[in-house]
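Hydrogens, waters and symmetry mates are skipped; everything else that's a heavy atom, side chains included, is used. All of these numbers come straight from a predicted model, not from anything done at the bench.
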Amino acid sequence: MLKLGEYNTLEIVRERDQGIYLCDEQGDEVLLPNKYVPEQFQIRDNLKVFVYLDSSERIVATTLEPYATIKSFAYLKCTNVSEIGAFLDWGLEKDLFVPFKEQASKMRAGSWYLVYVYLDEETNRLVASSKTNAFLDNSLVLLSPFDEVALIASHPSPQGWNMIVNQKHLGLVYADEIFQKITPGDQLKGYVKKVRPDGKIDLTLQRHGYRGIEPNAQQILNELSANGGFIDLNDKSDPEDIKEVFQLSKKSFKKAIGSLYKARKIAIEKDGIRLLE
């Protein structure tokens, strides 16, 4: 069965004036229009394509790579708003449709939105929704403290930034642990601090404890090398100055330079830190 909204690896079965036809193991066929046909191919070759519905609601294949696939989140630009809903650029010829009922706030052409892509079972269309929380589930969180996770910045709150965790869950990075600029749609690497009994996930963008010293120390070494071996920051510096340069808390910075000092890789001087040969 052809899988809408996904990449399919299909067999080339025949060539026609309009393109080549591809077939899956069940015998279902789909057209790959001429504009996407590779310069060299042979019948019975396998080809990886993305399958979706064209402007005439026909199943079609393309070698273009969309910005999102089915059951995933993406940050997309609204190209047009009509009387039936909004349309988003997702890297294909036909824009992605967002019904009015699936808009968390009224979409405007030219603005960007974090959305979830899914198959509307009533219409059998690929559509998107900006009501992203409806597609997240924290009822069963199989994560533990220190686990590394993939994050997508969702929206800010008074407590910090809400994050989509591993395309499945909702988590939070608290404001006092954010040392970099974050905007909706940013894809970040994070770490689990705690999974609460109610399923809420506390996150951090820095490795915690001793686990964070090594990567933070390497970051400082890289910055020293890029600045001629000296930076006018040390353990007495203002936390905001440290945050601006390294995107680290002062506590994390002090741990990292402490480990570098013990390893005799830096000298901690009165007016900064210096890289040792």
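Counting heavy atoms from C-beta outward, Y52 and T62 have side chains that approach closer than 4.5 Å. Under the 4.5 Å side-chain criterion, counting only non-hydrogen atoms from C-beta, L96 is not in contact with F87. Contact of the I220 side chain with the I231 side chain is not registered, since no non-hydrogen atoms from C-beta on lie closer than 4.5 Å. Side-chain contact between L10 and L47 is absent, with no heavy-atom pair separated by less than 4.5 Å. Counting heavy atoms from C-beta outward, K236 and K270 have side chains that stay 4.5 Å or more apart. Using a 4.5 Å heavy-atom cutoff, the side chains of M107 and V115 are in contact. Residues K254 and D235 form a side-chain contact, since some pair of their non-hydrogen atoms from C-beta on lies under 4.5 Å apart. Using a 4.5 Å heavy-atom threshold, the side chains of S144 and V195 count as separate.
Checked for salt-bridge contact, E93 and K35 meet the test: a charged N lies under 4.0 Å from a carboxylate O. In this structure, R44 pairs ionically with E11, as a charged nitrogen and a carboxylate oxygen lie closer than 4.0 Å.
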field: side-chain contact (heavy atoms from CB on, under 4.5 Å) assessment of K194 paired with K200
entry: CA-CA 8 Å; K194 179 190 296 184; K200 292 181 179 178; over 6 Å; no

- request: Carefully, step by step, assess R196 and D202 under the rule salt bridge (charged side-chain N to carboxylate O under 4.0 Å, His left out).
  value: CA-CA 8 Å; R196 299 178 181 273; D202 293 347; 2.6 Å; yes

field: Check against salt bridge (charged side-chain N to carboxylate O under 4.0 Å, His left out), E6 and K71
entry: CA-CA 9 Å; E6 299 182 35; K71 296 182 180 179; over 6 Å; no

message: Please determine whether side-chain contact (heavy atoms from CB on, under 4.5 Å) holds for the pair S129 and F135, giving the CA-CA distance in whole Å, both sets of side-chain angles, and the decisive distance to 0.1 Å.
response: CA-CA 9 Å; S129 173; F135 301 93; 3.6 Å; yes

task: Go through the steps for D95 and T79 under the test side-chain hydrogen bond (donor to acceptor under 3.5 Å, both in side chains), then give the verdict.
output: CA-CA 8 Å; D95 287 343; T79 58; 2.7 Å; yes

Worked verdict on L275 versus S225 for side-chain contact (heavy atoms from CB on, under 4.5 Å): CA-CA 8 Å; L275 186 64; S225 297; 3.8 Å; yes

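Results of the side-chain contact (heavy atoms from CB on, under 4.5 Å) test with V173 over M163, Q206, Q159, K193 single out M163 as the only residue that passes.
There is no side-chain donor-acceptor pair under 3.5 Å between T9 and N46. Under 3.5 Å, the side chains of Q167 and S72 contain no donor-acceptor pair of N or O atoms. Side-chain N/O atoms of Q18 and Y21 include a donor and acceptor closer than 3.5 Å. Under 3.5 Å, the side chains of D186 and T183 contain a donor-acceptor pair of N or O atoms.
Annotation for Y261: atom OH does not count as buried by contact number, only 12 or fewer foreign heavy atoms lying within 6.0 Å. Taking a 6.0 Å sphere around NZ of K94, one finds it holds more than 12 heavy atoms contributed by other residues, nucleotides or ligands. More than 12 heavy atoms of other residues, nucleotides or ligands lie within 6.0 Å of CD in Q26, so this atom counts as buried by the packing criterion. Within a 6.0 Å sphere centred on CZ of R264, heavy atoms belonging to other residues, nucleotides or ligands number 12 at most. Heavy atoms of other residues, nucleotides or ligands lying less than 6.0 angstrom from NZ of K243 number more than 12.
A distance-only check finds a donor-acceptor pair linking the side chain of D24 to the backbone of G27 [under 3.5 Å]. Side chain of D232 to backbone of D271: no donor-acceptor contact under 3.5 angstrom is found.
Here the CG-OG distance, from L88 to S130, works out to 8.5 Å after rounding to the nearest 0.5 Å. Separating the CG atom in N8 from the CD atom in E25 is a distance of 11.0 Å, to the nearest 0.5 Å. Note that the CD1 atom of I182 and the CG atom of L188 stand 5.5 Å from one another [nearest 0.5 Å]. Rounding to the nearest 0.5 Å gives a distance of 5.0 Å between CG of L32 and CD1 of I20. Atom CZ of residue F100 and atom OG of residue S82 lie 6.0 Å apart, to the nearest 0.5 angstrom. Between the CG atom of N138 and the NZ atom of K168 there is a distance of 12.0 Å, given to the nearest 0.5 Å.
When ring centroids are compared, W90 and F50 come within the 6.0 Å threshold. Between F253 and F246, the distance separating the two ring centers is shorter than 6.0 angstrom. Here Y75 and Y113 keep their ring centres 6.0 angstrom or further from each other.
Residue L205 is not grouped with residue I242 when hydrophobic side chains (ILVMFWY) are merged at heavy-atom distances under 4.5 angstrom, including chains of intermediate members. Linking Ile, Leu, Val, Met, Phe, Trp and Tyr residues whenever their side-chain heavy atoms come within less than 4.5 Å leaves V13 and V51 in two separate clusters. Residues L53 and V127 fall into different hydrophobic clusters, defined by Ile, Leu, Val, Met, Phe, Trp and Tyr side chains chained together at heavy-atom separations under 4.5 Å. Linking ILVMFWY side-chain heavy atoms closer than 4.5 Å, directly or via other members, places Y116 and L136 in a single hydrophobic cluster. Under the 4.5 Å side-chain heavy-atom criterion for ILVMFWY residues, a single connected hydrophobic cluster contains both L4 and L22.
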